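What follows is a single structure, written as structure tokens, with notes after it.
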Amino acid sequence: MLQRKDVDSVGNDEAVIATNDDASACKRCAVALGYWKDRYINYFVRATDRKAPEINRGYFARSAAIKLLVDKFIEVTNGNCQIVNIGAGFDTLYWRLVEEGRSVKGFVEFDFPAVTSRKCLYIQRTKQLLQAVSDEDYDVKLNRNNLHGHTYKLTGVDLRNLTEVEGKVKESDLETSLPTLFLAECVLVYMPPQKSAQLLQWIADRFKSALFVNYEMVNLGDRFGEVMLSNLRSRGCDLAGSDACQSTETQRKRFLECGWGGADSCDMVGVWNRLPPEEVARVSQIELLDEQELLRQLFAHYAITTAWTDHRWSEVTL
């Protein structure tokens with residue numbers, strides 16, 4: 001029989017899982033309006049309502065910045081690297097990299113089984129997605145929650161269970177000695193602090209040449225941040241890890257305290273100013289934005305934090 005705290009945990013997990021659908025719908029809307037190109041998002045998300053201009057511009061900044069960091073990591077390693085997308089949801093990065101001819105040694109996605117089961121289904125029934133994960137010399141292995149291709153692995157796992165994570169990492173054929181890029185977008189904030197710390201410490205201990213790129217909230221202590229927290233809690237999302245999201249400094253500290261060699265954090269106001277000027281000019285023409293202050297506030301409450309166990313990756317910046 002489920003105890004009260006177990007019921008609460010299940011409810012919170014369902015609410016967190018639902019944020020994947022929300023984020024995917026926002027990305028699809030921005031792509032449809034021309035903020036960036038993604039031929040694959042439509043396979044995972046049906047037509048969606050139009051989002052507010054500041055939301056579309058925010059998702060563009062997030063997507064563009066992460067893609068620039070991924071591209072730089074692949075370039076400096078000459079593709080002799082792995083990418084691990086934690087809490088990947090319906091992210092399409094793998095297919096976009098294949099389309100661009102940017103190859104890596106391995107690409108692994110982790111998420112709740114409830115998410116990976118749906119993604120497995122979409123991949124299985126979509127020729128364009130399945131072809132990209134297939135190899136004529138390697139049979140795709142597929143079950144309800146997991147898909148193992150030649151370089152692409154999709155795995156259902158509870159990231160709070162470190163023993164389970166360790167087993168799934170082994171199953172995914174990840175090489176701990178290979179340069180490895182870890183990606184997380186609004187994932188750690190939903191984990192209890194001790195669980196996210198255990199995960200980050202474990203990665204730092206095992207992967208001696210790792211770069212972590214974390215997109216997450218910051219400045220949650222001010223009025224705007226309190227409204228954000230209230231809105232998420234009203235949807236059943238308890239931000240258990242919000243203590244690390246008080247500032248860019250607390251974001252840096254969480255990695256340094258978990259054994260990472262160095263870390264840097266920049267809010268999205270700063271990230272926006274570092275994006276290619278021609279791209280900023282282009283997307284600024286897509287939609288008229290009346291509330292510039294609202295966009296600035298939104299950018300001030302999210303940040304990209306990078307951390308590294310190998311100091312060579314400290315140079316992978318925007």
Side-chain angles (χ1 to χ4, degrees), residues 23-24 26-28 30-31 33-41 54-105 107-109 179-187 209-218 248 251-252 255 262-286 295 298-308 310-318:
S24 300
C26 288
K27 290 178 180 179
R28 189 190 192 284
V31 167
L33 290 169
Y35 278 88
W36 73 93
K37 293 180 179 178
D38 183 348
R39 297 197 303 116
Y40 306 97
I41 189 69
E54 61 271 13
I55 298 298
N56 293 325
R57 210 169 284 189
Y59 269 90
F60 162 77
R62 164 183 177 174
S63 178
I66 291 173
K67 185 61 164 58
L68 283 169
L69 290 169
V70 170
D71 289 349
K72 284 190 176 183
F73 189 75
I74 293 174
E75 287 168 9
V76 299
T77 60
N78 293 314
N80 186 36
C81 63
Q82 304 165 131
I83 297 175
V84 181
N85 198 338
I86 296 173
F90 293 162
D91 192 76
T92 61
L93 177 60
Y94 173 79
W95 289 272
R96 287 180 282 135
L97 290 175
V98 169
E99 184 177 49
E100 295 169 6
R102 295 181 184 271
S103 62
V104 295
K105 295 292 186 181
F107 194 109
V108 177
E109 294 187 330
T180 306
L181 172 60
F182 289 86
L183 300 173
E185 298 181 47
C186 297
V187 175
S209 189
L211 172 67
F212 201 110
V213 175
N214 186 45
Y215 173 86
E216 207 161 54
M217 304 86 161
V218 288
T248 52
Q251 286 284 5
R252 285 185 65 253
F255 285 94
D264 187 31
S265 186
C266 180
D267 68 27
M268 295 304 291
V269 175
V271 169
W272 179 258
N273 292 329
R274 297 179 190 179
L275 294 178
E278 64 277 10
E279 275 294 277
V280 170
R282 180 185 66 81
V283 300
S284 296
Q285 299 301 312
I286 294 176
L295 179 65
L298 191 65
F299 278 168
H301 288 82
Y302 284 89
I304 288 182
T305 304
T306 55
W308 49 87
D310 185 329
H311 281 276
R312 289 179 297 170
W313 314 140
S314 65
E315 299 176 8
V316 179
T317 59
L318 295 171

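All figures in this text were calculated on a predicted structure; none of them were measured in a lab.
- Distance CZ/Arg28 to CD1/Ile41: 8.5 Å, rounded to 0.5 Å.
- Across all their heavy atoms, Ser265 and Thr305 have their closest contact at OG-OG1, 2.8 Å.
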Fill in: Criterion side-chain contact (heavy atoms from CB on, under 4.5 Å) on Leu97 and Ile74, from CA distance to verdict
CA-CA 10 Å; Leu97 290 175; Ile74 293 174; 4.0 Å; yes
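- For the residue pair Tyr59 and Ala23, the shortest heavy atom distance occurs at OH-CA, 3.5 Å.
- Ala65 and Val271 get closest at one heavy-atom pair: CB-CG1, 3.6 Å.
- Under a cut-off of 6.0 angstrom, the local environment of NZ in Lys105 is sparse, with at most 12 non-hydrogen atoms contributed by other residues, nucleotides or ligands.
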Discussion item. I'd like to know whether Lys72 forms a salt bridge (charged side-chain N to carboxylate O under 4.0 Å, His left out) with Glu75, so could you lay out the CA-CA distance, the side-chain angles of the two residues, the decisive distance to 0.1 Å, and finally the verdict.
Written reply: CA-CA 5 Å; Lys72 284 190 176 183; Glu75 287 168 9; over 6 Å; no
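- Classification of the Trp36-Phe60 ring pair by plane angle, with boundaries at 30° and 60°, yields tilted.
- Between Ile66 and Glu185, some side-chain heavy-atom pair lies under the 4.5 Å cut-off.
- At least one side-chain heavy atom of Leu68 sits less than 4.5 Å from a side-chain heavy atom of Pro276.
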Discussion item. As a quick check of understanding, evaluate side-chain contact (heavy atoms from CB on, under 4.5 Å) for Asp38 and Lys27, giving each step before the final call.
Written reply: CA-CA 9 Å; Asp38 183 348; Lys27 290 178 180 179; over 6 Å; no
Practice prompt. Determine, step by step, whether Asp91 and Arg96 satisfy the side-chain contact (heavy atoms from CB on, under 4.5 Å) criterion, reporting the C-alpha distance in whole Å, the side-chain angles of both residues, the deciding distance to 0.1 Å, and the verdict.
Written response: CA-CA 10 Å; Asp91 192 76; Arg96 287 180 282 135; 4.1 Å; yes
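- Side chains of Asn56 and Ile286 form no contact here, defined as non-hydrogen atoms less than 4.5 Å apart.
- Here the side chains of Tyr94 and Asn85 are not in contact, with every heavy-atom distance at 4.5 Å or above.
- Annotation: side chain of Glu109 is not in contact with side chain of Leu93 (no heavy-atom distance under 4.5 Å).
- A heavy-atom distance below 4.5 Å is found between the side chains of Arg102 and Asp71.
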Item to complete: Apply the test side-chain contact (heavy atoms from CB on, under 4.5 Å) to residues Trp272 and Arg57: give CA-CA distance (whole Å), side-chain angles for both, the deciding distance (0.1 Å), then the verdict.
Response: CA-CA 10 Å; Trp272 179 258; Arg57 210 169 284 189; 3.6 Å; yes
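- Residue Arg274 holds its CZ atom at 9.5 Å from CD1 of Ile304, rounded to the nearest 0.5 Å.
- No more than 12 heavy atoms of other residues, nucleotides or ligands sit less than 6.0 Å from atom CD of Glu315.
- Across all their heavy atoms, Arg312 and Ser209 have their closest contact at NH2-OG, 3.4 Å.
- Put simply, the side chain of Leu181 does not reach to within 4.5 Å of the side chain of Leu69, judged on heavy atoms.
- For the atom pair CG of Leu183 and CZ of Phe73, the computed distance is 9.5 Å after rounding to the nearest 0.5 Å.
- With respect to the salt-bridge test (charged N to carboxylate O, under 4.0 angstrom), the residues Glu99 and Lys37 do not qualify.
- The distance from the CD1 atom of Ile83 to the CG atom of Leu211 is 10.5 Å, given to the nearest 0.5 Å.
- Remark: Leu318 CG to Asn273 CG distance equals 11.5 Å, nearest 0.5 Å.
- Taking SG of Cys266 as the reference point, atom CZ of Arg252 lies at 12.5 Å (rounded to 0.5 Å).
- Remark: side-chain polar atoms of Asn78 are not paired, donor with acceptor, to backbone N or O of Asn80 under 3.5 angstrom.
- When side chains are defined from C-beta on, Thr77 counts as touching Trp313, because their heavy atoms get closer than 4.5 Å.
- Closest approach of Val218 to Ala303, counting heavy atoms only: CG1-CB, 3.6 Å.
- Taking the six-membered ring for Trp and thresholds of 30 and 60 degrees, Phe182 and Phe212 have nearly parallel ring planes, at less than 30 degrees apart.
- Although no hydrogens or angles enter the test, the distance criterion places a donor-acceptor pair under 3.5 Å between the side chain of Gln251 and the main chain of Met217.
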